[in-house]
Amino acid sequence: MPAVIRENVPLAPYTTFRLGGPARYFLNARTVEDVIEGIRFAADRGLRVLPLGAGSDVLIPDSGFDGLVIRLASLRGFRTNGNLVYLKAGEPLPRVAREMAEKGLSGFEYVVGVPGTVGGGVAKNAGAHGGEIKDILVEAYVVDTGGNVNTLRRDELGLTYRSSSLPSRGILVEALFKLREDDPEVIKRRIDEFLSYRETRQPWTERTAGCMFKNPPGDYAGRLIDLAGLKGFRIGGIRVSEKHANFFINEGGTADDAIRLIEYVRDRVREAFGVELEVEIEIVR
Ligand code: EPU
């Protein structure tokens with residue numbers, strides 16, 4: 001069945017921040033063939049392509065995206081072979097953590113509280129509790145701008161703290177991970193610990209985009225924003241969380257409010273501590 005490409009589709013419902021305008025073109029990819037078709041559609045028309053996973057680490061401008069959004073959250077499925085697991089791009093990381101725990105496979109439990117997908121997790125080298133995607137990734141299967149599927153080894157993906165070269169390489173459709181066998185009950189206990197850490201420290205039921213800034217070397221963005229007295233500070237309908245200062249909460253604001261709050265917080269932290277905070281989320285242009 002050919003992929004359905006729709007026009008002028010609101011993107012806010014596809015982001016955890018619930019912000020941003022429409023996509024000029026939008027494809028909800030369910031198969032690798034859909035992704036290839038989308039990439040060819042965009043190439044034929046000279047359009048930019050924006051891959052979207054769970055929409056958890058991204059800020060889409062109020063003007064939207066003047067190209068093709070390929071949403072990958074419906075590209076689902078996995079298979080295991082011993083301690084190796086192949087995961088499709090749209091698999092949600094919290095679900096993967098639980099599925100692997102059931103199978104007695106350890107390595108994904110630290111992402112149980114990361115509201116992203118496998119594709120987004122590799123693109124941002126998602127991490128928490130001392131673990132990173134980089135630790136378990138073997139290789140990624142990526143569709144390039146010509147519509148060809150390439151295999152990229154972990155060391156070809158430039159994985160560093162909350163960053164990778166994936167966005168310039170194409171769209172990840174599947175990835176292979178190497179896990180470690182362990183007692184399912186022990187893995188589940190770790191999962192429970194990570195979840196309770198997140199529940200007590202992060203505003204996980206609110207509309208947020210995850211941590212807004214990377215931690216600067218040797219310090220914590222949340223600590224610095226907190227010390228600058230910015231908890232609860234608001235611009236328009238976006239405010240700095242009282243629970244964890246590195247999260248912004250959308251209470252009916254706009255992407256423009258969020259961008260102004262990012263700039264404001266960076267300015268205050270620079271003035272107070274001489275530290276330049278780097279944005280962690282992807283701000284789409
Ligand atoms: N802190 C404050 N005030 C705050 C928030 C934090 O003083 O409002 C202090 C804490 O007391 C602690 C330190 O800052 O001493 C670090 O805080 P926390 O333990 O909450 O961890 P974090 O460094 O802020 C990182 C990741 C999170 C990840 C957690 C758990 C980054 C930018 N953040 O947070 O990842 O969930 O560790 O491992 O690396 C994300 O990447 O989107 C994200 C949320």
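Note that ligands are numbered from 1 as they come in the structure, with each ligand's atoms numbered from 1 the same way. Values reported hereafter were calculated over all heavy atoms of this structure, with side chains retained and with hydrogens, waters and symmetry mates removed.
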- Query: Restricting to pairs with a member in residues 37-46, which pass salt bridge (Lys or Arg N to Asp or Glu O under 4.0 Å), not counting sequence neighbours?
  - Reply: none

- Query: Closest non-hydrogen protein atom to atom 9 (C) of ligand 1, residue and atom name please, with distance?
  - Reply: Arg223 CB, 3.9 Å

- Item | Donor-acceptor pair, side chain of Arg169 and main chain of Glu156, under 3.5 angstrom | yes

- Task: Considering the heavy atoms of Tyr220, write down every atom of ligand 1 situated less than 4.0 Å from one of them.
- Result: 13 (C), 14 (O), 16 (C), 23 (O)

- Is there a donor-acceptor contact under 3.5 Å from the side chain of Tyr110 to the main chain of Ile133? yes

- Looking at residues at least two apart in the chain, or sitting in another chain, which of them share a ring pair (Phe, Tyr, Trp, His ring centres under 6.0 Å) with Tyr141? none

- Query: Among the clusters formed by ILVMFWY side chains lying less than 4.5 Å apart, do Ile36 and Leu72 turn up in the same one?
  - Reply: yes

- Message: For Glu276, is there an ion pair with Arg270 - N to carboxylate O distance below 4.0 angstrom?
- Response: yes

- For Ala245, atoms of ligand 1 separated by under 4.0 Å from a heavy atom: 4 (C), 8 (O)

- Query: Would you call the rings of Phe194 and His129 parallel, tilted or perpendicular if under 30° counts as parallel and over 60° as perpendicular?
  - Reply: parallel

- What protein heavy atom is closest to atom 6 (C) of ligand 1, reported as residue, atom name and distance in Å? His244 NE2, 3.8 Å

- Message: Just to confirm my output: which protein heavy-atom neighbour is closest to atom 38 (O) of ligand 1, and how far is it?
- Response: His129 N, 2.7 Å

- Query: Does a side-chain heavy-atom distance below 4.5 Å link Arg162 with Asn125?
  - Reply: no

- Item | Min N/O separation Lys231 to ligand 1 under 3.5 Å | yes

- Query: Any non-hydrogen protein atom below 4.0 Å of atom 41 (O) of ligand 1?
  - Reply: yes

- Among Arg162, Arg201, Arg198, closest by any non-hydrogen atom to atom 26 (C) of ligand 1: Arg162

- Looking at atom 25 (C) of ligand 1, what's its closest protein heavy atom, distance included? Asn215 ND2, 4.2 Å

- Item | atom 36 (O) of ligand 1: nearest protein contact (heavy atom, Å) | Gln202 NE2, 3.0 Å

- Nearest heavy atom to atom 31 (C) of ligand 1, choosing from Phe247, Tyr161, Phe213, Trp204, belongs to Tyr161

- Task: Please write down residue, atom name and distance for the protein heavy atom closest to atom 3 (N) of ligand 1.
- Result: Asp226 OD2, 2.8 Å

- Query: Is Phe78 reachable from Tyr86 through a run of I, L, V, M, F, W or Y residues, each pair having side-chain heavy atoms under 4.5 Å apart?
  - Reply: no

- Message: What protein heavy atom lies closest to atom 37 (O) of ligand 1? Include the residue and the distance to one decimal.
- Response: Tyr197 OH, 4.8 Å

- Query: Where is the nearest protein heavy atom to atom 44 (C) of ligand 1: which residue, which atom, and how far?
  - Reply: Cys211 SG, 2.6 Å

